[in-house]
There are 2 protein chains.
Amino acid sequence: MKPSLEDFKKELKMKNIQLSYQRLKVLEYLTQNQCHPTVDKIFTDLQKDIPTLSKTTIYNTLRILVEAGLVRVITIEDNETRYDIIVENHGHFKCESCGTIYDFSIDIDSLTSEDLNNFKINDKNIYFKGICPRCLSSINEIR
Amino acid sequence: MKPSLEDFKKELKMKNIQLSYQRLKVLEYLTQNQCHPTVDKIFTDLQKDIPTLSKTTIYNTLRILVEAGLVRVITIEDNETRYDIIVENHGHFKCESCGTIYDFSIDIDSLTSEDLNNFKINDKNIYFKGICPRCLSSINEIR
DNA sequence: AATAAAATTATAACGATAACAATATTAAAA
DNA sequence: TTTTAATATTGTTATCGTTATAATTTTATT
Ligand SMILES: [Mn+2]
Ligand SMILES: [Mn+2]
Ligand SMILES: [Zn+2]
Ligand SMILES: [Zn+2]
């Protein structure tokens, strides 16, 4: 079950985080655009609705949402930080041709290593890279 | 078996990549300091030996080594790109307390997902975060 | 030795993010 | 409701990692 905007509102209230108009819009955006957007993408798109919007607000809001555990950071690429409203465990695949980031299901919880027996694990991320089916087929067409 | 500096030299020769003094020093440094250093760390440390060294050279060298497949990029944190001379599959754990990055063995090759059946996978990265044993014990001491 | 190619260096430019202060908005108190 | 305090947003500036560019040096080729 994917979490609704209402669930997020409740969670913020529980954690005593004020839900301003801007923060609501960011949450709305993330639930509706689950393409792992960058700060710049979020800002540019939301600015159409909120002309006075500041990019600093996007940074602040995302930091707060990440700290509250409602949003997760995706660092699959070293030059672009992305954000994901889905915090449940799943993997990420980035196509090196078209740049799209795909979700994939994988049993991260059961993923572990003998070497980490005495470590306290708080967060797990799995990043794959390669070529997506769409790009693979378009390459075949050319040949 | 960990690869020796000689192996790297051979591999570079095979790929027609010139081994300059600076490139050799970077390779040497990475084999001797397997702590996943940042560009700045590599530069600062090597500058002691090579006073005329330029940071641009570190960037260029690392880009070439990554392209040649001799070095892998670690993007476990969004604000610091790190480099690893060990390209064989293994996972990375970053301690959120002391910042140390630990290697751990894990069977990445057998790690896959139904969702990626038609994808061509070129690269896999596993990043964990949490608290390392050393930091865990020092926290306990205080209590 | 002369020439061409490649690598290194120094410098400037760029872009993402953070710091900061001023303004606006919301919450709490009177 | 008015006043006051706290918080959020905005606009601006600063910082830092990285890349682009051109000049210089080194290496390879003839
Ligand atoms: Mn995702
Ligand atoms: Mn490693
Ligand atoms: Zn693609
Ligand atoms: Zn630690």
Side-chain angles (χ1 to χ4, degrees), chain A residues 8-9 12-29 36-68 70-84 99 101, chain B residues 8-9 12-29 36-68 70-84 99 101:
Chain A
F8 289 124
K9 286 187 188 175
L12 285 177
K13 188 155 276 180
M14 266 185 18
K15 301 194 177 182
N16 279 327
I17 296 172
Q18 283 184 46
L19 187 62
S20 69
Y21 179 69
Q22 287 85 347
R23 289 177 183 173
L24 175 69
K25 284 296 177 183
V26 170
L27 269 176
E28 253 181 38
Y29 184 89
H36 317 93
T38 61
V39 163
D40 200 65
K41 183 89 166 61
I42 300 170
F43 172 70
T44 307
D45 287 351
L46 283 183
Q47 210 185 20
K48 293 165 191 164
D49 286 347
I50 318 164
T52 62
L53 185 66
S54 163
K55 195 179 267 189
T56 305
T57 300
I58 307 295
Y59 279 106
N60 289 338
T61 301
L62 287 172
R63 182 173 36 76
I64 284 170
L65 293 177
V66 169
E67 280 171 10
L70 277 87
V71 166
R72 97 171 0 212
V73 180
I74 306 294
T75 58
I76 196 168
E77 206 71 62
D78 63 341
N79 56 349
E80 53 179 31
T81 305
R82 293 170 172 272
Y83 296 87
D84 194 345
I101 292 181
Chain B
F8 289 124
K9 286 187 187 176
L12 285 177
K13 188 156 273 180
M14 267 188 13
K15 301 194 178 187
N16 278 326
I17 297 172
Q18 284 184 46
L19 188 60
S20 69
Y21 179 70
Q22 288 84 347
R23 289 176 184 173
L24 176 70
K25 284 295 177 185
V26 171
L27 268 177
E28 253 181 39
Y29 184 89
H36 317 93
T38 61
V39 164
D40 199 66
K41 183 88 167 60
I42 300 170
F43 172 70
T44 306
D45 288 350
L46 284 184
Q47 209 184 20
K48 292 163 190 163
D49 287 347
I50 319 163
T52 60
L53 185 65
S54 163
K55 195 177 269 190
T56 307
T57 300
I58 308 294
Y59 279 105
N60 289 339
T61 301
L62 287 172
R63 182 172 36 76
I64 284 169
L65 294 177
V66 169
E67 282 171 8
L70 278 87
V71 167
R72 98 172 359 215
V73 181
I74 307 293
T75 60
I76 196 168
E77 207 71 61
D78 63 341
N79 56 348
E80 51 179 33
T81 305
R82 293 170 171 275
Y83 296 87
D84 194 347
I101 292 180

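Letters A, B, ... mirror the listed sequences (proteins, then strands); counts begin at 1.
In this structure, the side-chain contact (heavy atoms from CB on, under 4.5 Å) partners of A/Lys15, at least two apart in sequence or on a different chain, are A/Glu11, A/Ile17, A/Ala68.
In this structure, the CD atom of A/Gln22 is 12 Å from the C1' atom of D/dT7, given to the nearest Å. For the pair A/Asn60 CG and D/dT7 C1', the computed distance is 12 Å after rounding to whole Å. Atom CD in A/Gln47 sits roughly 15 Å away from atom P in D/dT9 (whole-Å rounding). For the pair A/Asn16 CG and D/dA8 P, the interatomic distance rounds to 11 Å; values are reported in whole Å.
In this structure, B/Tyr83 OH and B/Ile58 CD1 are separated by 10.5 Å, a value rounded to the nearest 0.5 Å.
Nearer to the 5' terminus of DNA chain C, by closest-nucleotide assignment, is the contact made by B/Ile64 (compared with the other of B/Ile64 and A/Asn79).
Between B/Arg23 and B/Gln18 the shortest heavy-atom distance is NH1-O, 2.9 Å. Of all heavy-atom pairs between B/Val39 and B/Lys55, the closest is CG1-CG, 4.1 Å. Nearest heavy atom pair, residue A/Arg82 against residue A/His36, reads NH1-O, 2.6 Å. Across every non-hydrogen atom of B/Phe43 and B/Ser54, the tightest pair is CE1-C, 3.7 Å.
Among the atoms of the strands shown, base atoms are found under 4.0 Å from some heavy atom of A/Thr57. Using a 4.0 Å heavy-atom distance criterion, A/Thr52 is classed as a sugar-phosphate-only contact.
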### Worked check of side-chain contact (heavy atoms from CB on, under 4.5 Å) between B/Thr75 and A/Ile76
CA-CA 7 Å; B/Thr75 60; A/Ile76 196 168; 5.9 Å; no
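Not one N or O on the side chain of B/Arg72 forms a donor-acceptor pair closer than 3.5 Å with the backbone of B/Asp84.
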### Task
Report, as a single string ordered 5' to 3', how protein heavy atoms within less than 4.0 Å touch nucleotides 18-30 of chain D: B base, S sugar-phosphate only, - not at all.
BBB------S---
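Put simply, chain A comes within 4.0 Å of DNA chain C, heavy atom to any atom, from C/dA16 to C/dT26, going 5' to 3'.
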